[in-house]
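Here, residue 1 is the first one in the sequence, and each next residue gets the next number. Keep in mind that this is a model prediction, so the values were computed, not measured.
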Amino acid sequence: MQALEFGDPASVGRFQVLARIGAGGMGTVYLGRSPAGRSVAVKVVHPVLAADPEIRDRFRREVWAAQAIGGAFTAPLVDTDPDAAVPWLVTEFLPAVSLRDAVRDFGVLPPTAVWPLAAGLGEALVAIHAAGVAHLDLKPSNVLLTADGPRVIDFGISRPSGEISGPTLPAGSPGFMSPEQVGGRALGPASDVFSLGSTLAYACTAMEPFGEGPPHVKMFRIDHEVPPLVGIADENLRIFLANCMIREPAGRPTAVQLTSYLASVTRSSGSSWLPPAVVTEIDRRASEAQNPPVERAIGPRMAVEMPPRRRMSRRALLFGGIGGAVVLAAGIGVPTLYALDTKPKPAPTPKPTPKPTASPAAVHTLEFYFTGNVALTSVTYTVNGQAMTLKNVRLPWRQVVKLPSGKGKNTWQLTYGFPPGEIQHRVLVDGFQVTTGVDGVSGQQGSGKDSGYTYT
């Protein structure tokens, strides 16, 4: 959890915003409080994406799925406004660790934890499919480990089962997609069963079944009828996962059949079903929600309900100059950056009137900001010919560069690479956005470039 940043909302709907939980390609998730003091998770679409019809459709699907399924095996929906100028939804805050983070930070789960995980996710899929929904993006980062069992989140690409009977475009997360998703064939609940097997295989091995390169080592090929799940010592678990991951959808068991089998082999593992290190981290996050990081003194923030910012062309922003950008920002409600100081000021001592001198040149800043659901493999930012390259950059990432004082033209260029996933970047001058972009290639590594200039 992180302190709020400049530009974060002060409130969303009736909910106070207290801290950042995380950010992805589509939006930011905040820790919030209800008027009655209840801890909630507030998901807000990135303002620069709010006018994108595809993003809005994806957000509405997520809301629809959450309402259709209920909260027994997902994060319960508390409130939402998918039609707001900046769409948002609020769910119950769950002290939890994602399966991805748990394996990355604490190592693979033992079979004594994987079996209850399988049973919990199997029950979740039964509820999801009974509601007429196919999730289509079940993966470790979309599985939350809580003290009382796993929860499934992020229904952004889910579909009503009746709407996906024909050929589709490839959709999902590389490394965990079913063969029919990769091939753009007809999809259905069986695709979620395959992804369940892939997700549990990751829990056992810390390897993405169909990923490339460290730490995404290939475990098996997608053209195997029954994948040889190398590295999993528990034979019954290997057989269970292999049945989930049969190539042809018709050959896989249903979620109901899986839970029936799991009920006969899964037993209570005592006071906690998770390893002690994971339990400790969940407890730490629960405590952190009660005492969130203190917000830095950055001045007033806006509520999400404010009218959307007036969109301007990149050409108008770049050629309008820094002075023009500041005037425009003042007209559309962008908060001014300043430090809060509540100490009383002593009465000023009279001084002789100084001789007139030239006013100091204003200091301007150029800011690069990335969010996304993967790390950048590399990023190079070049300002006035001076380049800096960073490798393996975790997101969100921000870099602020001071521009030379005086009048003149400043040039900048941004190049970056990333694994399969979603990346969003923004470039700001003096806190005012001048360009933005969203990248993401399903199943392929990506790269991007942006450049421009401004006058100071």
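In this model, no donor atom of one side chain and acceptor atom of the other lie less than 3.5 Å apart for Gln16 and Ser11.
Side chain of Asp192 to backbone of Ala134: no donor-acceptor contact under 3.5 angstrom is found. When atom types are taken as modelled, the side chain of Ser198 and the backbone of Phe194 share a donor-acceptor pair closer than 3.5 angstrom. A donor-acceptor pair is defined here as one N or O able to donate and one able to accept, closer than 3.5 Å; no such pair exists between the side chain of Ser287 and the backbone of Arg284. For Arg285 (side chain) and Ala96 (main-chain N/O), a donor-acceptor pair under 3.5 Å exists by modelled atom type. Thr377 places no side-chain N or O within donor-acceptor distance of the main-chain N or O of Asn392, the cut-off being under 3.5 Å. With Arg56 contributing its side chain and Pro82 its backbone, the two residues share a donor-acceptor pair below 3.5 Å.
In this structure the side chain of Trp88 reaches within 4.5 angstrom of the side chain of Asp79, judged on heavy atoms. For the pair His46 and Thr371, the minimum side-chain heavy-atom distance is below 4.5 Å. Within the 4.5 Å cutoff, the side chain of Lys139 has no heavy atoms near those of the Arg100 side chain. Residues Cys204 and Val108 are not in side-chain contact: their nearest non-hydrogen atoms beyond the backbone lie 4.5 Å or more apart. You'll find the side chain of Thr380 stays beyond 4.5 Å of the side chain of Gln413, heavy atoms only. For the pair Leu136 and Leu187, the minimum side-chain heavy-atom distance is below 4.5 Å. Leu366 places a side-chain heavy atom less than 4.5 Å from the side chain of Val383. Pro76 is listed as a side-chain neighbour of Arg151, based on a closest heavy-atom distance under 4.5 Å.
For the pairing with Leu117, the side chain to side chain contact (heavy atoms under 4.5 Å, CB included) check across Leu274, Thr199, Leu200 returns one residue only, Leu200. Between His135 and the choices Ile69, Thr74, Val152, Ile153, the side chain to side chain contact (heavy atoms under 4.5 Å, CB included) rule is met once, by Val152. Of the candidates Leu144, Leu121, Leu109, Leu99 forms a side chain to side chain contact (heavy atoms under 4.5 Å, CB included) with just one, namely Leu109.
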Apply the test side chain to side chain contact (heavy atoms under 4.5 Å, CB included) to residues Arg38 and Phe15: give CA-CA distance (whole Å), side-chain angles for both, the deciding distance (0.1 Å), then the verdict. CA-CA 10 Å; Arg38 179 182 181 184; Phe15 302 91; over 6 Å; no

Show, in sequence, the C-alpha distance, side-chain angles and deciding distance for Arg252 and Glu180, and conclude whether the salt bridge (Lys or Arg N to Asp or Glu O under 4.0 Å) test is met. CA-CA 13 Å; Arg252 299 170 206 150; Glu180 58 269 28; 2.8 Å; yes

Please step through side chain to side chain contact (heavy atoms under 4.5 Å, CB included) for the pair Val379 and Leu414, ending with a clear verdict. CA-CA 7 Å; Val379 58; Leu414 191 63; 4.1 Å; yes

Apply side chain to side chain contact (heavy atoms under 4.5 Å, CB included) to residues Trp273 and Trp115 and explain how you reach the verdict. CA-CA 9 Å; Trp273 65 286; Trp115 282 115; over 6 Å; no

Between Asp8 and Tyr30, does a side chain to side chain contact (heavy atoms under 4.5 Å, CB included) hold up when you go through it step by step? CA-CA 9 Å; Asp8 285 336; Tyr30 300 98; 2.8 Å; yes

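Of the inter-residue distances, the one linking Asp137 atom CG with Met177 atom CE reads 9.0 Å to the nearest 0.5 angstrom. To the nearest 0.5 angstrom, Leu262 atom CG is 4.0 Å from Phe240 atom CZ. Between atom CG of residue Leu89 and atom CD of residue Gln67 there is a gap of 9.5 Å, rounded to the nearest 0.5 Å. Once rounded to the nearest 0.5 Å, the distance linking SG of Cys244 with CG of Leu125 reads 9.0 Å. Here the straight-line distance linking atom CG of Leu145 with atom CD of Glu281 works out to 11.0 Å at 0.5 Å rounding. Considering OG1 of Thr415 and CG of Asp450, their distance stands at 10.5 Å, rounded to 0.5 Å.
Taking each heavy atom of Gly32 and Val42 in turn, the nearest pair found is CA-CG2, 4.2 Å. What you find for Val40 and Val90 is that their closest heavy atoms are CB-CG1, 3.5 Å. Residues Pro253 and Leu258 share a closest heavy-atom pair of CG-CD2, 3.5 Å. Here the shortest heavy-atom pairing between Pro95 and Ile282 reads O-CG2, 3.4 Å. For Val133 against Ala68, the heavy-atom pair with the smallest separation is CG2-CB, 4.5 Å. Taking all atoms of both residues into account, the shortest heavy-atom contact from Leu31 to Pro292 is CD2-CB, 3.8 Å.
With sequence neighbours left out, Ser39 forms a side chain to side chain donor-acceptor pair (under 3.5 Å) with Arg33. By the ring pair (Phe, Tyr, Trp, His ring centres under 6.0 Å) test, His425 is found to be paired with Phe370, Tyr416, residues two or more places apart in sequence or in another chain being considered.
Between Phe176 and Tyr202, the ring planes are perpendicular. Angles over 60° get that label, and only those under 30° would be called parallel.
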Atom pairs and distances, donor-acceptor, side-chain atoms in residues 47-55, under 3.5 Å, two or more places apart:
unit_1, atom_1, unit_2, atom_2, d
Asp52, OD1, Glu54, N, 2.9

